[in-house]
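As the structure is a prediction and not an experimental result, all values here were calculated from the model. Start at 1 with the first residue, then count along the sequence.
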Amino acid sequence: MLKGIKVIDFTNYLPGPFATLRLAELGAEIIKVEAPEGDPARNTGVLKGDTGLVFLANNRQKRSITLNLKEKEDVETAVNLIAHADVLIESFRPGVMEKLGLGYETVKLVKPDIIYCSISGYGQTGPLSKIGNHDINYMALSGVLAQLKDQQGRPIHPSITLADYFGGFAANERILAGLVQKLMTGQGSYHSISITDQLVSLLGNHVLIEKETGEGAGINVLNGSIISYAIYETKDQRFMSLGALEPKFWKNFCLAHGREEWLDAHFSKTDISNSLFLAVTDLFKSKTFYEWIEFSQTVDCCMAPVLEVGELSENSYFKEKELIFASSWGDYQVKMHSDLKLPLIAPPPKKGEHQAEILNSIWI
């Protein structure tokens, strides 16, 4: 769908590379511009050989060129790259691209119809814009982290960097909108993505409900407070999710266990003072995880297992879609668009691997 679209990618770590991976899988050509030392993700966290797994997971289908943007000659090369491109995406701290001579106002002089997207934690302006920050900070400030609490009301430290991923999704949304506008008008555009602001955009229901009722935990029937929409422990200390919100699904669940007397308790509270909640809890603890999985696949009651990451590749749902696949270069990758057939897939590039061919293409 994006064949013929060229993206110059000045991003590192996760939000930007995740965004451009999704664009690459849609057919865009991604030229990853790295500093001489490379994307820091190449050396971050767990390594496979001498390369970080975070880099390997987010950079297939891209070409790499190294440029020292503190050197005039390399900045000129970057400008020429941009002049041949449709999209520029960057994730430096606010003001860095301007200091390098690659800010939007400068770039559009040589490429007026460029779609230019900046990803940052708190936007390009304002008192927080130049302060160091990471995913956990964006989640905390946005109010999203406060939605993930244990039974004592303490925020749970998530083991997935949700903010980074949402930042990548939002960047792509704006880039694609910019490309549509360019198609219709011939005009380029600038887009500033604040990761924190994108998280706040998830809380529209929460904000309105809090203003009207004082309750900050969102839609009350969806936040674990009723017995028909909750997470339950199984006999073998695993967990199942029950989402029987509509009466027909709750009825199916109850009648499958011969518990017609539970039907009127559909919206009763998940409180230890509620005997029906305790009865449902005991019911879940009477069967193993796999017994409940079998039940969930035969009784239509909106139930699904809480799977661990290591179980995904062997789960029949994901296997059918080939969503997690063994790559030709010896690791496992995750498709970004499950309904699309992937073409021949190029492995994550070595640092500067495509230097010569990229330079040859722009200086012809």
Side-chain angles (χ1 to χ4, degrees), residues 15 121-123 128 133-170 173 193-234 237-254 262-285 289 292 296 301-309:
Y122 302 128
L128 299 181
N133 44 76
H134 280 294
D135 185 278
I136 194 69
N137 310 125
Y138 315 143
M139 290 190 67
L141 185 64
S142 68
V144 168
L145 192 59
Q147 305 307 313
L148 307 173
K149 293 178 180 176
D150 62 20
Q151 293 181 336
Q152 286 70 49
R154 291 177 56 85
I156 296 170
H157 192 127
S159 58
I160 181 171
T161 54
L162 289 174
D164 286 343
Y165 291 116
F166 274 106
F169 278 117
E173 179 183 57
I193 302 300
S194 160
I195 296 176
T196 302
D197 295 3
Q198 300 310 313
L199 288 180
V200 174
S201 76
L202 304 178
L203 299 178
N205 291 330
H206 289 68
V207 169
L208 182 55
I209 290 169
E210 194 281 330
K211 293 301 182 185
E212 294 292 328
T213 70
E215 172 57 57
I219 304 171
N220 58 8
V221 296
L222 302 181
N223 62 17
S225 63
I226 62 170
I227 65 173
S228 58
Y229 202 94
I231 297 171
Y232 290 96
E233 186 176 353
T234 66
Q237 290 79 56
R238 296 296 300 273
F239 296 90
M240 296 294 295
S241 66
L242 178 62
L245 191 62
E246 293 81 7
K248 64 180 180 180
F249 295 124
W250 177 243
K251 181 179 181 180
N252 290 346
F253 173 79
C254 295
W262 287 1
L263 293 178
D264 291 339
H266 188 191
F267 294 105
S268 65
K269 299 297 183 182
T270 52
D271 190 290
I272 59 173
S273 64
N274 179 4
S275 61
L276 283 171
F277 169 58
L278 298 179
V280 175
T281 299
D282 289 340
L283 173 62
F284 272 91
K285 288 184 176 180
F289 184 60
W292 279 115
S296 72
C301 63
C302 297
M303 183 183 293
V306 178
L307 294 179
E308 299 292 338
V309 171

Worksheet item: Below 6.0 angstrom between ring centroids: does that apply to Phe289 and Trp292?
Response: no

Minimum heavy-atom separation for [X] to [Y], with atom names?
| X | Y | result |
| --- | --- | --- |
| Met139 | Leu148 | CE-CD1, 4.0 Å |
| Gly121 | Thr196 | O-OG1, 2.9 Å |
| Ala244 | His266 | O-NE2, 2.9 Å |
| Lys269 | Phe277 | O-CB, 3.6 Å |

Rounded to the nearest 0.5 Å, how far apart are [atom1] of [X] and [atom2] of [Y]?
| X | Y | atom1 | atom2 | answer |
| --- | --- | --- | --- | --- |
| Ser268 | Trp262 | OG | CH2 | 10.0 Å |
| Glu246 | Cys301 | CD | SG | 12.0 Å |
| Leu208 | Leu203 | CG | CG | 12.0 Å |
| Lys285 | Thr234 | NZ | OG1 | 9.5 Å |
| Ser228 | Phe249 | OG | CZ | 12.0 Å |
| Tyr229 | Cys302 | OH | SG | 8.5 Å |

Donor-acceptor contact below 3.5 Å, side chain [X] vs main chain [Y]:
| X | Y | result |
| --- | --- | --- |
| Glu215 | Ala217 | yes |
| Asp164 | Asp135 | no |
| Tyr232 | Ile227 | yes |
| Ser241 | Ala304 | yes |
| Ser142 | Val144 | yes |

What I'd like to find out is whether the side chain of [X] reaches to under 4.5 Å of the side chain of [Y], using heavy atoms alone.
| X | Y | value |
| --- | --- | --- |
| Glu233 | Arg238 | no |
| Val200 | Val207 | no |
| Leu245 | Phe267 | yes |
| Ile193 | Phe169 | no |
| Ile156 | Lys149 | no |

Practice prompt. Might you work through the side chain to side chain donor-acceptor pair (under 3.5 Å) test for Ser225 and Asn220, ending with a clear yes or no?
Written response: CA-CA 6 Å; Ser225 63; Asn220 58 8; 5.7 Å; no

Worksheet item: Under 6.0 Å from the CG atom of Asp264, do we count more than 12 heavy atoms belonging to anything else shown?
Response: no

Fill in: Other residues, nucleotides, ligands: >12 heavy atoms within 6.0 Å of Ile231 CD1
no

Discussion item. Walk me through whether Leu263 and Lys251 qualify under side-chain contact (heavy atoms from CB on, under 4.5 Å).
Written reply: CA-CA 6 Å; Leu263 293 178; Lys251 181 179 181 180; 4.0 Å; yes

Worksheet item: In terms of side-chain heavy atoms, does Asn133 have a donor or acceptor partner in Tyr122 at a distance below 3.5 Å?
Response: no

Worksheet entry | Stepwise side-chain contact (heavy atoms from CB on, under 4.5 Å) test for Leu145 and Tyr138 | CA-CA 9 Å; Leu145 192 59; Tyr138 315 143; over 6 Å; no

Item to complete: Check step by step if side-chain contact (heavy atoms from CB on, under 4.5 Å) holds for Gln147 and His206.
Response: CA-CA 10 Å; Gln147 305 307 313; His206 289 68; 3.2 Å; yes

Item to complete: Go through the steps to decide whether Ile195 and Phe166 satisfy the test side-chain contact (heavy atoms from CB on, under 4.5 Å), and finish with yes or no.
Response: CA-CA 7 Å; Ile195 296 176; Phe166 274 106; 6.0 Å; no

Worksheet entry | Partner of Ile226 by side-chain contact (heavy atoms from CB on, under 4.5 Å), out of Asn274, Asp271, Val221 | Val221

